[in-house]
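Numbered from 1 within each chain, the chains take letters A, B, ... in sequence-line order.
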Amino acid sequence: MMDFTKIWRVRKDQYFSLALRYFRLIGNSGFMLSLYILFVTGSFYYARILKQLPENFPALWLFIAVFAYLLTKSPVRTFLRKGDLVFLLPVESRMKEYFRHSIRYSMVVQSFIVVLVFVALGPLFSKYISGRGLEMLITIALLLAAKLWNIKTSWEEQRLPFHRNRRNYTLLRLVVNAVFLYLLFQMAYVFLIAVLAIMYVLSNFVFGYIKKVHGYKWEHLLEVENGMMMKLYRVANLFTDVPQLAQRVRPRTWLSSLSKVSYRHSHTFDGLYRKTFFRSNDYFGIYIRLILIGGLFLFWIPQGWWHTVLVLLFLHATGIQLLPLYKHHKGNVWFELYPVKHHWRFQAFQRWLRLLMLIQAFLYVAFLLAMGGTWTNGVVSGILAVIFVWLFSEYYTKKQLLRVR
Amino acid sequence: MKKILEITGLTGGYSPDRPVLHDVSFDVHANEIVGLIGLNGAGKSTTIKHVLGLMEPSMGTTKINGKTFQEEPEEYRGQLSYIPETPILYEELTLWEHLEMTAMAYGLEEQTFLTRVRPLLAEFNMENKIKWFPGHFSKGMRQKVMILCAFLVEPELYIVDEPFVGLDPLGIHSFLELMVSFKNNGAGILMSTHILATAERYCDRFIILHEGKIAMQGTLQELKGQMGNPDATLDDIYIHASRGKRP
């Protein structure tokens, strides 16, 4: 007789100890200090921004958007593993017990997040929506109730066989959530009761029907679970090497033309690095995000030599974040077997990194000038950026990547 | 006949104290297919890794056209192509990009690449999949990508490790036909496999490995002679050799 409660507990504990190990690594990396500084300055600016917000600020819509997202996105952490397809499939009928733990766990964790976000947005809430304690409490209570409803229904939703079905039901939940939130934040409790009744009917009859006719979609559940593990791995991967980081590939065909290289023996690896950059993991996403965040900082911080420092800082960040691309195909036997010069691979990576950093530098300088910066400032930033990119790709990269052969 | 691959006194493995291979010597000539057969763990894959130059022998040499990997690494690698037992693909590249990258890596002229690639794709029924990513490929299709890449290069030496698993019957047929035609054009092929019926039909000679040593080698006729049974099939010979009874 299989003890599903025990299996589930063991897996949860294993996940916790794994996550803890990674968080300890992240904590040791000095990241916590940056986070702390960010938190302090962030809360300072938050208070200031709050004071400056106009009377007609659409706080209601902000709240609806934030919580509609939080409520609709209600994944269930199953802790399923690949081998389960073979070993647990035969006992599918008794898996209910196992999944009940997963659902309860997801409810606790996600309720906590909802409360956290609500507390963070508390000042906004009391300023624009309601300052009364009782209404705040009712709001939190109803938000949590809605969260539980969403987790329960989203779990049944996962039984649907096709992505399109699931998406339609998610949209349905999104609409219900939005209406619910609108009424909730308007304190229209009478109407709210009607919505709650609709939700009850939906979960018992519509989602209940799904439960009756569809079995668990094991492969889909595994995929979802994998996706959630990958999130942890990807965060940890910014600080250390995560071997389990499976490569998720997004074709992004619209970018393919940018990754074309001319056909040449010595360019064997150029195309590979470019395509990996665009299609794999999140190199491209990180690159774009860093450019945008850098741009935001340039926009916020008053003009002056600070801008030059910021440009260099963000170029440095991009360079560091893209270094793992070099080793992305580590262990691939073809790299060893191709009859190519050994240094071609590094050169290909270096060329691509340099181009990406130069594009970023160019965008920043153009942005500075467009914001009305002086030409001297722009030119100096540009020249320093080019020198920095050269030094980074020529010396730092070589030192970091070619240390061990 | 011209010797393409020449293995002499090869002793090696993952650690020098416990070699997997003991004093293995054999050749692969132009215009022949040599079957490398043996039980699981007999040393087939280790032999292949030594031939590829992925492992260094503790004694003995492997030479391609008279040169070892240590002497001329790029030239050595440029003369062989490898079809691994488990397909190894770049998840980020489409089928077409795999082929293009292989062609570039082996220094093929672009024109040569383009003239060779179309008929190959057609032969293996993959013409309409050139924009697909490996994520959408079945095991057999992945294997086909490996075969296409290897055949695209048209090297002198093919190292083929268990190519049939997962391949559909049409794919197996095309694969064998092309191997024979490359062989007739002067290539040498070393093929490791457990599918003995196919090996018996297509291989010109056999190397039977047992516990890291060559238990028997020769043409089918020679092996039958060594065993003293003119009616023996390759299966019989293999079982005989793998039970450790030397003829």
Side-chain angles (χ1 to χ4, degrees), chain A residues 219 223 226 230 245-284 324-345 347-348 352 405, chain B residues 45 48-49 51-55 64 69 72-94 96-114 117 131-137 145-146 149-150 153 155-157 159 161:
Chain A
E219 288 188 318
E223 214 172 284
N226 262 338
M230 284 307 133
L245 194 71
Q247 298 152 17
R248 236 202 317 190
V249 176
R250 296 212 180 89
R252 296 195 178 120
T253 37
W254 51 285
L255 286 166
S256 288
S257 55
L258 292 177
S259 56
K260 282 241 160 59
V261 286
S262 58
Y263 186 97
R264 204 183 298 168
H265 191 26
S266 59
H267 283 179
T268 301
F269 296 110
D270 288 64
L272 180 67
Y273 277 126
R274 287 170 190 223
K275 280 156 194 146
T276 308
F277 169 79
F278 284 124
R279 294 171 186 170
S280 179
N281 281 355
D282 224 10
Y283 299 110
F284 178 63
L325 178 63
Y326 179 68
K327 290 190 178 153
H328 188 89
H329 297 282
K330 194 170 60 179
N332 190 314
V333 74
W334 298 121
F335 274 54
E336 299 291 322
L337 292 183
Y338 291 144
V340 294
K341 296 252 183 294
H342 190 261
H343 58 269
W344 283 357
R345 181 182 156 206
Q347 281 177 349
W352 181 230
R405 263 201 57 186
Chain B
S45 294
I48 284 176
K49 280 184 188 159
V51 174
L52 295 174
L54 293 174
M55 288 170 84
I64 297 181
F69 172 66
E72 288 290 342
E74 285 152 43
E75 197 190 316
Y76 184 96
R77 292 280 172 66
Q79 291 165 340
L80 67 86
S81 68
Y82 169 50
I83 301 177
E85 184 184 10
T86 331
I88 305 160
L89 284 87
Y90 300 106
E91 297 300 317
E92 293 82 8
L93 298 190
T94 62
W96 180 262
E97 288 159 358
H98 274 91
L99 296 166
E100 193 182 47
M101 182 165 171
T102 307
M104 270 158 99
Y106 283 85
L108 259 59
E109 293 293 328
E110 190 169 14
Q111 210 43 56
T112 319
F113 162 59
L114 292 172
V117 71
K131 290 200 168 152
W132 286 29
F133 285 88
H136 297 127
F137 284 161
V145 180
M146 296 288 94
C149 287
V153 179
E156 277 193 79
L157 177 67
I159 310 292
D161 197 356

| said: Distance check, rounded to the nearest 0.5 Å: A:Leu337 atom CG versus B:Ile159 atom CD1? | reply: 10.0 Å
| task | Please test A:Phe269 against B:Met101 for side chain to side chain contact (heavy atoms under 4.5 Å, CB included), starting from the C-alpha separation and ending with a verdict. | result | CA-CA 8 Å; A:Phe269 296 110; B:Met101 182 165 171; 3.9 Å; yes
| task | Pick one of side chain, backbone, both or neither for B:Leu108, based on which atoms fall under 4.5 Å of a heavy atom in chain A. | result | both
| request: Anything under 30° is parallel, anything over 60° is perpendicular, the rest tilted; go ahead and classify A:Tyr263 against B:Phe113. | output: parallel
| message | Nearest 0.5 Å, please: how far is CD in B:Glu92 from CZ in A:Phe278? | response | 13.5 Å
| message | Would you say NE2 of B:His136 has more than 12 non-hydrogen atoms from neighbouring residues, nucleotides or ligands within 6.0 angstrom? | response | no
| message | Working to the nearest 0.5 angstrom, can you tell me the gap between A:Leu272 CG and B:Met104 CE? | response | 10.0 Å
| Between atom NZ of A:Lys275 and atom CZ of B:Phe133, what is the distance when rounded to the nearest 0.5 Å? | 9.5 Å
| query | So do the side chains of B:Lys131 and A:Thr253 get within less than 4.5 Å of each other, counting heavy atoms only? | reply | no
| task | Using a 4.5 Å cut-off on heavy atoms from C-beta on, say whether the side chain of B:Tyr90 contacts that of A:Ser280. | result | no
| Distance, nearest 0.5 Å, that separates NE2 of A:His265 from CD of B:Glu109 | 10.5 Å
| Checking B:Arg77 side chain against A:Glu336 main chain: does a donor-acceptor pair fall under 3.5 Å? | yes
| Spacing of B:Ile88 atom CD1 and A:His329 atom NE2 [to the nearest 0.5 Å] | 13.5 Å
